[in-house]
2 protein chains.
Amino acid sequence: MPFRLCGELWSYVQMVDSLAQRGDGLFGPLGRKFRNLELGSEGELQALLALVKDKERVRRGKSIVGVAGSSRHLTVLLAGVACWYSSLRGGGRQIHAFQYPGDFCELHRYLLPEPDDIVTVGAITDCSLGFIHYKDVEQAIERYPRLGLAFWRASMLQASILRERQLNISRQPALLRVANLLCEQVVQLKAIGIERAILPLTQLDLADAVCLSNAHVDPILQSLRDLGVLSKNARTIQVVDKERLIDIAKLDPLYLDMVELLREWEISYEEAVD
Amino acid sequence: MPFRLCGELWSYVQMVDSLAQRGDGLFGPLGRKFRNLELGSEGELQALLALVKDKERVRRGKSIVGVAGSSRHLTVLLAGVACWYSSLRGGGRQIHAFQYPGDFCELHRYLLPEPDDIVTVGAITDCSLGFIHYKDVEQAIERYPRLGLAFWRASMLQASILRERQLNISRQPALLRVANLLCEQVVQLKAIGIERAILPLTQLDLADAVCLSNAHVDPILQSLRDLGVLSKNARTIQVVDKERLIDIAKLDPLYLDMVELLREWEISYEEAVD
DNA sequence: CGGCGGCTTGATTCGAGTCAAGAACCGTGG
DNA sequence: CCACGGTTCTTGACTCGAATCAAGCCGCCG
């Protein structure tokens, strides 16, 4: 079982994995995500979950898009962490977003086919994937129109994250960029019920996401550790003081708004579960 | 009739405006856009167009979001140019995208309500707007499910533009950023049948979109004029050598791909019209 | 003709990138 | 249990692109 970090990360992955393996699937990450979307009844959710087929594992570092051949299917991340990136000429990478269990990896290609090489999805840790064939998606949407709205909404959520990332990258100083990115990850993880996890990201992953050089990210993480926001344990990225982190990131009210937005999302998730 | 630039720009706006005013609306910008989306029959298109109500004019510089009160409606840009931006603390602006006739100004708020102040839509020139009440949208989607897919697809298209902008801004040198932005505008205008138009953007608009200072944009535009890509006429922005511009922008193959993507889009539009 | 908004220019400052070298750590295989 | 190789992290010196600031210009509009 090759994992970069043992201990907490591994147990975290296993936990999520075990959720994904449960027979009913109603409480797995995909179910959670769909409940978050607040559209569709349990019946619709079950119909969707029944369509997930051909589970597969992908090793860390490998590409996820097109794993199952002709790629006429949606891919759901069941366990692990992935990222959505574009390769830049010259070897660089721009990571658009990180994906967590329950996320659709390639939703953006469903209605808007694009060449494979524009946007790629890569596995940051070993991942479990589920597939839903386009044919089944179409039929399900036809039968349960609200399912179509839920997919649409999921797309919009991804787009809003893109927008926030764009804002974040474009004109903020380096510290804020990193703080914001970390904030977002914490919120996303919380939304699927995971707290205080070690983020399985390398400094290079962070750098590619916030558009800085890796050599520049390092001292920033150190200062965050000095501030008590991150675990003192060098070589791992773990947020231990979420409030403080939000405080640093919110220096710009817009980011506070972003956090609020996501928090609202999270609240509505909890309501939905009640 | 207060317009910053007379002559060509004004006639361009009038042309688009007259399209928007035509009784049937089937060939107006909204009709074109929907045909581009390749989903839905003419019947569905007509149903949609029938829902557009409460046309209104907004003066340049004013905000578009929430013009008609409680904002329980989609807003369609019928004529003019608008932009989608976030205000940065400290007076700055990040322009996410420019909008042209036929674009939905606030599609992103339909399924994902957000505070008003995160993203704003502003009128760059005087604009004509049409409104479709959410209630009507819902009914129409229920009756014509493919309409829902078309909206979804329109959202995805906006998201892909966001992504390209993010790539563009993040790590390209200034000249490429500007060239790419201009490329995108040319392609978007062509898609609604407008060529060789003067872009009614100020250098500050450009700067806010590509994330440079206005003082930095100016010499870049000059060099593009020297290269024969832009009209020699200072104080206006008009692409006169599209091929050359694409050539400059495509220095990075990813951007070429972007252009290809949009070009493909445009082609399928022409097929649909045939 | 006067004022204002946008464009143009240059000097200076600063943040971030690049490069290169070394250290710490992980997982591997002996 | 220990030695090894590769990956990731850490550090510092140097470079460069772009921001900022400030001033002057031009053309449009009242």
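Note that the structure is predicted; figures quoted are calculated from it, not measured. Quick note on labels: first sequence line is chain A, next is B, and so on, each numbered from 1. All values below were derived from every heavy atom in this structure, side-chain atoms included, with hydrogens, water molecules and symmetry-related copies excluded.
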Distance check needed: [N] [atom2] versus [X] [atom1], whole Å only.
X: Asp208(A); N: dT8(D); atom1: CG; atom2: P; value: 12 Å
X: Asn233(A); N: dA24(C); atom1: CG; atom2: C1'; value: 12 Å
X: Leu204(A); N: dT18(C); atom1: CG; atom2: P; value: 12 Å
X: His216(A); N: dA16(C); atom1: NE2; atom2: C1'; value: 5 Å
X: Asn214(B); N: dC7(C); atom1: CG; atom2: C1'; value: 9 Å
X: Ile220(A); N: dT10(D); atom1: CD1; atom2: C1'; value: 14 Å
X: Arg171(B); N: dG15(C); atom1: CZ; atom2: P; value: 20 Å
X: Ile169(B); N: dA19(D); atom1: CD1; atom2: P; value: 11 Å

Measure from the side chain of [X], starting at C-beta and using heavy atoms only, and say which of [options] lies closest.
X: Ser213(B); options: dT8(D), dT20(D), dT8(C); answer: dT20(D)
X: Gln203(A); options: dC7(C), dA18(D), dT10(D); answer: dT10(D)
X: Ala234(A); options: dA18(D), dT10(D), dG17(C); answer: dT10(D)

Do Glu106(B) and Thr75(B) get their side chains close enough for a donor-acceptor pair, meaning under 3.5 Å?
-> yes
Is the closest side-chain donor-acceptor distance between His108(B) and Ser160(A) under 3.5 Å?
-> no
Heteroatom pairs (N/O) under 3.5 angstrom, protein to nucleotides 22-27 of chain D:
unit_1  : atom_1 : unit_2    : atom_2 : d
dC26(D) : O2     : Arg235(B) : NH2    : 3.3

Could you tell me whether Asp226(A) and Lys232(A) have a side-chain N and a carboxylate O separated by less than 4.0 Å?
-> no
Between Glu184(B) and Arg165(B), does at least one N-O distance fall below 4.0 Å, as a salt bridge requires?
-> yes
Is Ile169(B) close to Gln166(A) at the side-chain level, that is, under 4.5 Å between some pair of heavy atoms?
-> yes
If you round to the nearest 0.5 Å, how far is CD of Gln185(B) from CG of Leu206(B)?
-> 8.0 Å
So what does Leu221(B) touch, heavy atoms closer than 4.0 Å: a base, only the sugar-phosphate, or nothing?
-> nothing
Using a cut-off of 4.0 Å on non-hydrogen atoms, how would the nucleic acid contact of Pro173(B) be classed: base, sugar-phosphate, or nothing?
-> sugar-phosphate
Quick one: is Gln222(A) getting a side-chain N or O under 4.0 Å of the dC9(D) phosphate, OP1 or OP2?
-> no
Carefully, step by step, assess Ile237(A) and Thr202(A) under the rule side chain to side chain contact (heavy atoms under 4.5 Å, CB included).
-> CA-CA 8 Å; Ile237(A) 300 170; Thr202(A) 74; over 6 Å; no
